[in-house]
2 protein chains.
Amino acid sequence: MADEALSAGVVARRLGIAVTTLRTWHQRYGLGPSEHVPGRHRRYTPADLIRLETMRRLTANGVAPAEAARWAVQAPDAALPGPAPRTEGRGARDGGGGATIPVGRSGPAARGLARAAMRLDSNAINEVIDRAIRTGGVVVTWDTLLRPVLAGLGERHAATAALIEVEHLVSRCVSEAFAAVVRAHAPNGPPRILLSCADEEQHSLPLEALGAALAEAGIAHRLLGARVPVRALLGAVHRTGPAAVVLWSQTRSTADPTQLTALLAGPRRPLLVFAAGPGWRADSLPAGVVRPANLAEALSLAAAVRDSLDQSAAG
Amino acid sequence: MADEALSAGVVARRLGIAVTTLRTWHQRYGLGPSEHVPGRHRRYTPADLIRLETMRRLTANGVAPAEAARWAVQAPDAALPGPAPRTEGRGARDGGGGATIPVGRSGPAARGLARAAMRLDSNAINEVIDRAIRTGGVVVTWDTLLRPVLAGLGERHAATAALIEVEHLVSRCVSEAFAAVVRAHAPNGPPRILLSCADEEQHSLPLEALGAALAEAGIAHRLLGARVPVRALLGAVHRTGPAAVVLWSQTRSTADPTQLTALLAGPRRPLLVFAAGPGWRADSLPAGVVRPANLAEALSLAAAVRDSLDQSAAG
DNA sequence: AATTCGACGCATGAATCGACGCAACTCGTA
DNA sequence: TACGAGTTGCGTCGATTCATGCGTCGAATT
């Protein structure tokens, strides 16, 4: 019983791919059981499994399947290539197939992330995200990796009414990755920036990205969750007295300018109010509200707030 | 002491299978009398009988014989999908009830956590939670610290329609803490346990607690998020073929037994299906569903699943 | 004398095989 | 911007291979 003879189905399930894909990999790339008589069932040895795991890991990191297979065949235990798989000018075609997530030309990492997500492989997802954040930082990772994948996922999900579980899993992984960033970077000083979703707004990931970026920049913040009613927001502002408030609205339906007005009119009025997110309409914003265009801009604006506070606090 | 040595024929008749099948099970799966000299007659002890009964029950429920045998050999007395799930001692717990559970006498840590939550001080919240998990483990922390606080918070929030932001913040912190636990403990082996919320169910924190506890015990798992439609759940099961599925339902309205039935009837039927959470009603569960009473029980059951199936080579 | 043993073989249903094709994605080119 | 070419994962179909429960047979056990 020590000689495990794993069947195709078992292996496929373990890798999170379809049985047919296993067969395809075998006949297209030669990536199959070391001993296999045509017509007979395939029996995967542990060594074969390792090879397949390598294949999985490489594709999860954005390597084109054909290349990954070539690699896996001759160097089963190979680690990942260089620090950042910068693919530029390479002619290696890499398309997607089957039920995938469209990521466009967002780089190999996005493709790998999409692939790992389709397999519900949270470990691979975490690995990709962590690596990206470690090498490129939060802002770049958000703009070039996470947002494209999440957008593609949402689009596909809206169209197909499927992949909901994939979307949730990825969201959770992203959220966790950002949380890890916040935890890793020690928060110095009291949080003077409050991040909050608009009322009824349930997408909090962009705010979490901003939070992680702030933490990365050494700026402490406070992040309320999704669906924050106006009353709760005002209460939080009143009790914590933040210098700046960022209010996120993903869709137009949650972008009620009244919330912003209430913020500006309430007691302990924050120095600065940001209306972030694509939901807000520029022409309907009350005066005194800043509308950052993207994550980087929001980050720099927030940093400016922090700096100005430091100066004023010097007295 | 009444160590009845049952003969093969008697055992076969009692189990309702052929004598030859008994012999086959012995030589094919090693599922036979603990002591047996080749050529001599087999004598089955009560312990052996229990093992065989397990085997029969599992196969009767559609589990593949080879896997069932593996389970029966090393986890003979584990709780199993029985025809009449009469395991129920009345609601000794249930977090979604109506009992008044303010933080009350849940220990000083709970009080401190509640205070930090009121201040929206995520750093302090994290600190308290992390310390608790580090000293007492996930299960204890959940039962004695987090659940009381969350329950009290939810109750007050339901009554006052306020403190929503506090609840969200605490939830996020708890979620992050669990995620950190999962990340810290390296996942060994492929995840064979799938955790998922029932359709429409939006409380995923208890499942995350289970996931963290599993990770703490070195058991890999896969956690889908909240609000998983039945179709998505079935798709995930089909694609990943988990050994066990835990379906969480917090309130009665989300506890549709149809979901469980679909799980058991679908292709790639999981070996074990758990109906977890206070939403489920014991008398409405389909046969073959296990209903763990609390986090600790769910953990031990899941651990049993892992043990019975884990003999794979480490990657 | 009644069972049981070990070995062999058979019938059947599940799993897999090989081949084919589809759909979706990316990229180069017009 | 649109369109064709190349990739790739996976669903489907008829045939085949495997796994599994059990019957049969001569010899041994109880």
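Since the model is a prediction, treat every value here as computed from it, not as a measurement. Chain letters run A, B, ... following the sequence lines, proteins first, then strands; residues in each count from 1.
Residues satisfying the salt bridge (Lys or Arg N to Asp or Glu O under 4.0 Å) criterion with B:Asp199, sequence neighbours excluded, are absent altogether. For A:Asp48, the salt bridge (Lys or Arg N to Asp or Glu O under 4.0 Å) partners are A:Arg51, not counting sequence neighbours.
Residues B:Arg42 and B:His26 have side chains that bring a donor and an acceptor to within less than 3.5 angstrom of each other.
Checking B:Val37 against A:Tyr44, the closest nucleotide of DNA chain C that is more toward the 5' end is the one next to B:Val37. Between B:Trp25 and B:Arg239, the one whose closest nucleotide on DNA chain D sits nearer the 5' end is B:Arg239.
The side chain of B:Arg42 places an N or O atom within less than 4.0 Å of a non-bridging phosphate oxygen (OP1 or OP2) of C:dC5. Regarding contacts with the backbone of D:dT20, a side-chain N or O of B:Tyr29 is found under 4.0 angstrom from either OP1 or OP2. Of the side-chain N and O atoms in B:Thr24, none sit less than 4.0 angstrom from OP1 or OP2 of D:dC22. In this structure, A:Ser7 reaches the C:dT16 phosphate: one of its side-chain N or O atoms is under 4.0 Å from OP1 or OP2.
Across B:Arg231, B:Arg239, B:Arg222, a single residue satisfies side-chain hydrogen bond (donor to acceptor under 3.5 Å, both in side chains) together with A:Glu165, and that is B:Arg239.
Rounding to whole angstrom units, CZ of residue A:Arg56 and P of D:dG9 are separated by 14 Å. What separates NE2 of B:His36 from C1' of C:dC5 is a distance of 7 Å, to the nearest Å. The distance between atom CG of B:Leu31 and atom C1' of D:dG21, rounded to the nearest whole Å, is 14 Å. Counting to the nearest Å, the C1' atom of D:dT20 and the CD atom of B:Glu67 are 15 Å from each other. One interatomic measurement links the two molecules: CE of B:Met55 to C1' of D:dA19, which rounds to 12 Å at whole-angstrom precision. Rounded to an integer number of Å, the gap from CD of A:Gln27 to C1' of C:dG21 is 13 Å. In this structure, B:Leu22 places its CG atom 11 Å from P of D:dG21, rounding to the nearest Å. Taking atom CG on B:Leu15 and atom P on D:dT20, their separation rounds to 18 Å, with Å as the unit.
Residue B:Arg28 has its side chain nearest to D:dG21 when only C:dC17, D:dC10, D:dG21 are considered. The side chain of A:Val103 has C:dT26 as its nearest neighbour among C:dT26, C:dG18, C:dG6.
B:His26 comes within 4.0 angstrom of nothing in the nucleic acid, heavy atoms only. Residue-level contact check: B:Ala64 touches neither bases nor backbone, having no heavy atom under 4.0 Å from any strand.
Within 6.0 Å of CD in B:Glu35 there are 12 or fewer heavy atoms belonging to other residues, nucleotides or ligands.
Residues A:Phe178 and A:Leu210 have side chains not in contact (no heavy-atom distance under 4.5 Å, counting atoms from C-beta outward).
With respect to A:Glu53 and A:Arg56, a salt bridge is recorded, a charged nitrogen being found less than 4.0 Å from a carboxylate O.
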task: Starting at the 5' end of nucleotides 24-30 of chain D, put B wherever the base has a protein heavy atom under 4.0 Å, S where only the sugar-phosphate does, and a dash everywhere else.
output: B----BS

